[in-house]
Amino acid sequence: MTPGGVNSPVRAFNAVGGTPRFIRSAEGAWLTDVDGNRYVDLICSWGPMLLGHAHPEVLAAVNAAVARGTSYGTPTEPEVELAEEIVARTSVDAVRFVSSGTEATMSAIRLARGFTGRDLVVKFAGCYHGHVDSLLASAGSGLATLRDALSVPGTPGVPASAAGETIVLPYHDRAAVEAAFAAHGDRIACLITEAAPGNMGVVAPEPGFNAFLAATCARYGALFVSDEVMTGFRASRTGQWGLDGAVEGWRPDLVTFGKVMGGGFPAAAFGGRADVMALLSPSGPVYQAGTLSGNPIATTAGLTTLRLATPEVYDHLDAAATTIKAAVADALSAAGVAHTVQSTGTMFSVFFCDGPVRDFTDASRTDTRAYAAFFHAMLDAGVYLPPSAFETWFLSAAHDDRAVQAVLDALPGAARAAAAAGEEGTA
Ligand SMILES: Cc1ncc(COP(=O)(O)O)c(C=O)c1O
């Protein structure tokens with residue numbers, strides 16, 4: 001009926017084996033499947049559920065909004081208030097709402113091309129920006145010459161022409177960035193990067209790296225697009241930019257948002273410099289539109305979520321993450337499993353290999369067999385981790401002592417299972 005039984009590939013268990021659980025309901029930090037089993041949720045809908053599931057105030061606001069009608073196709077108050085909240089917290093002067101992170105990055109790239117009159121896009125291997133044609137491209141061989149880095153499509157169905165407009169470089173490789181701009185600078189519309197990569201596991205940008213990217217783009221008249229779909233309002237109250245740009249004194253030209261700002265509904269956004277955003281239709285010539293863009297239910301959920309995402313929420317996330325990170329490291333060390341725990345702000349992930357992990361080549365060393373065993377042992381013990389070794393582990397404000405303790409209790413057994421799987425792998 002549905003290809004692979006899922007409506008987004010990350011939900012499948014292909015990488016770890018077995019069958020995904022069908023979830024019937026969720027509350028706070030807990031998921032309940034159709035058989036009545038309960039799990040501590042470390043996926044949190046892949047990021048959005050910052051406050052936990054079924055937060056009473058979000059539900060009340062959403063229910064009240066639903067009662068007023070579900071979509072009008074006209075401007076509404078909640079979308080203006082959400083835009084104000086996003087502008088207040090981040091570097092952007094203006095925002096346009098869309099319905100998914102993919103739409104946000106797709107539209108940001110079009111706007112960058114429209115603004116610069118250029119076609120090429122630079123991205124980094126291991127960064128995911130949604131399933132936009134030109135952004136699925138990945139390098140044929142990571143550290144190849146620039147010509148080789150002009151990439152091949154990452155999936156059937158992407159025209160070679162779309163992939164050919166994308167230059168894929170190794171993350172953190174300043175020399176490769178310099179060389180790409182030196183060779184193609186007058187044709188590069190933008191460089192897009194995850195503000196802090198979270199889609200190869202968490203790889204925090206080294207201090208000054210995003211500033212270097214912003215400065216390089218500026219030098220060549222290209223736009224710097226910071227993808228905060230995952231990090232926005234999650235890595236910190238002000239996203240990854242709050243951890244680097246705001247401190248170092250630079251800002252991206254365009255930023256994409258999603259996940260947390262939709263409060264569990266399909267809402268995303270892109271925003272940026274006033275002069276660039278002014279080029280968007282109808283104030284400018286770059287066309288972009290959406291029947292359900294800025295939907296009143298979705299923007300109400302997002303607005304309520306952001307208003308409730310106080311500094312105390314981030315302190316709580318930080319404390320819960322710190323406890324779990326230390327316990328994972330202890331359990332894996334005690335079992336003799338190679339691992340590296342990496343984080344940026346309140347976001348973290350665990351690589352099943354020695355660190356540091358600085359780019360996709362490093363991340364690819366992770367022992368996926370050990371992770372699969374670890375994942376299933378955690379699941380059997382009632383903890384639902386991402387079914388992939390390359391994902392961020394997401395927490396929420398509802399991960400209280402009881403939920404965190406359930407994770408801690410499951411870790412030693414899962415670490416031993418990972419160790420046993422690792423030994424089988426090398427036997
Ligand atoms: C950094 C980043 N950009 C873009 C996207 C695409 O967002 P969506 O799945 O809402 O299309 C994702 C999704 O995981 C993401 O993590």
Side-chain angles (χ1 to χ4, degrees), residues 6-12 15 42-50 90 95-112 121 123-138 154-155 166 168 171 190-205 210 213 224-236 239-241 243 252 254-272 288 290 292-295 298-299 301-302 305 344-349 360 363 386-388 390-394:
V6 291
N7 283 302
S8 193
V10 292
R11 299 175 196 172
L42 294 187
I43 300 180
C44 289
S45 190
W46 302 90
M49 309 317 299
L50 185 83
T90 67
V95 282
R96 163 75 45 96
F97 291 119
V98 291
S99 300
S100 71
T102 295
E103 244 187 298
T105 58
M106 181 188 81
S107 307
I109 298 264
R110 178 176 309 148
L111 183 53
V121 172
K123 79 175 281 283
F124 292 110
C127 282
Y128 178 68
H129 304 289
H131 61 96
V132 181
D133 273 359
S134 59
L135 297 179
L136 281 177
S138 61
T155 167
T166 310
V168 184
Y171 194 68
C190 65
L191 179 150
I192 183 167
T193 181
E194 285 187 60
N199 282 294
M200 53 176 144
V202 173
V203 178
N210 279 332
L213 297 177
F224 179 47
V225 184
S226 179
D227 183 351
E228 293 243 30
V229 168
M230 185 184 284
T231 50
F233 319 109
R234 180 166 271 285
S236 84
Q240 178 64 29
W241 180 76
L243 302 174
L254 289 173
V255 188
T256 52
F257 303 104
K259 297 189 189 272
V260 170
M261 59 143 284
F265 282 80
F270 62 104
Q288 187 280 330
L292 293 178
S293 295
N295 171 270
T299 48
T305 298
T344 186
T346 70
M347 261 171 58
F348 72 98
S349 75
F360 193 48
S388 159
F390 302 101
E391 300 288 352
T392 301
W393 296 17
F394 291 107

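Since the structure is predicted, the reported quantities are computational estimates derived from the model, not experimental observations. In listed order, ligands and their atoms are each counted from 1.
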Please confirm whether Thr105 comes within less than 3.5 Å of ligand 1 when only nitrogen or oxygen atoms on both sides are compared.
no
Counting only heavy atoms not in Phe224, do more than 12 sit closer than 6.0 Å to its CZ atom?
yes
Ligand 1-proximal atoms of Trp46, by part, heavy-atom distance under 4.0 Å:
neither
Return the closest protein heavy atom for atom 3 (N) of ligand 1 as residue, atom name and distance.
Asp227 OD2, 2.7 Å
For Met230, the ligand 1 atoms with a heavy-atom partner under 4.0 Å come out as 16 (O)
If we ignore angles and hydrogens, is there a donor and acceptor under 3.5 Å between the side chains of Gln288 and Arg110?
no
With heavy-atom distances below 4.0 Å as the criterion, list the atoms of ligand 1 near Ser100.
10 (O), 11 (O)
Which residue owns the protein heavy atom closest to atom 4 (C) of ligand 1, what's the atom, and how far is it?
His129 C, 3.4 Å
Considering the heavy atoms of Gly130, write down every atom of ligand 1 situated less than 4.0 Å from one of them.
4 (C), 5 (C), 6 (C)
Considering only protein heavy atoms, which is closest to atom 16 (O) of ligand 1, and at what distance to one decimal place?
Asn199 ND2, 2.9 Å
Looking only at protein heavy atoms, identify the closest one to atom 9 (O) of ligand 1 and say how far it is in Å.
Thr102 OG1, 4.5 Å
Atom 8 (P) of ligand 1: nearest protein contact (heavy atom, Å):
Gly101 N, 3.4 Å
Protein heavy-atom partner closest to atom 14 (O) of ligand 1 - residue, atom, separation in Å:
Lys259 NZ, 3.0 Å
Between Thr392 and Val202, is there a donor-acceptor pair closer than 3.5 Å when you use the side chain of the first and the backbone of the second?
no
Go through the side-chain N and O atoms of Glu194 and Thr231 and say whether any donor and acceptor fall under 3.5 Å apart.
no
Report, in ascending order of atom number, the atoms of ligand 1 lying under 4.0 Å from any heavy atom of Glu194.
1 (C)
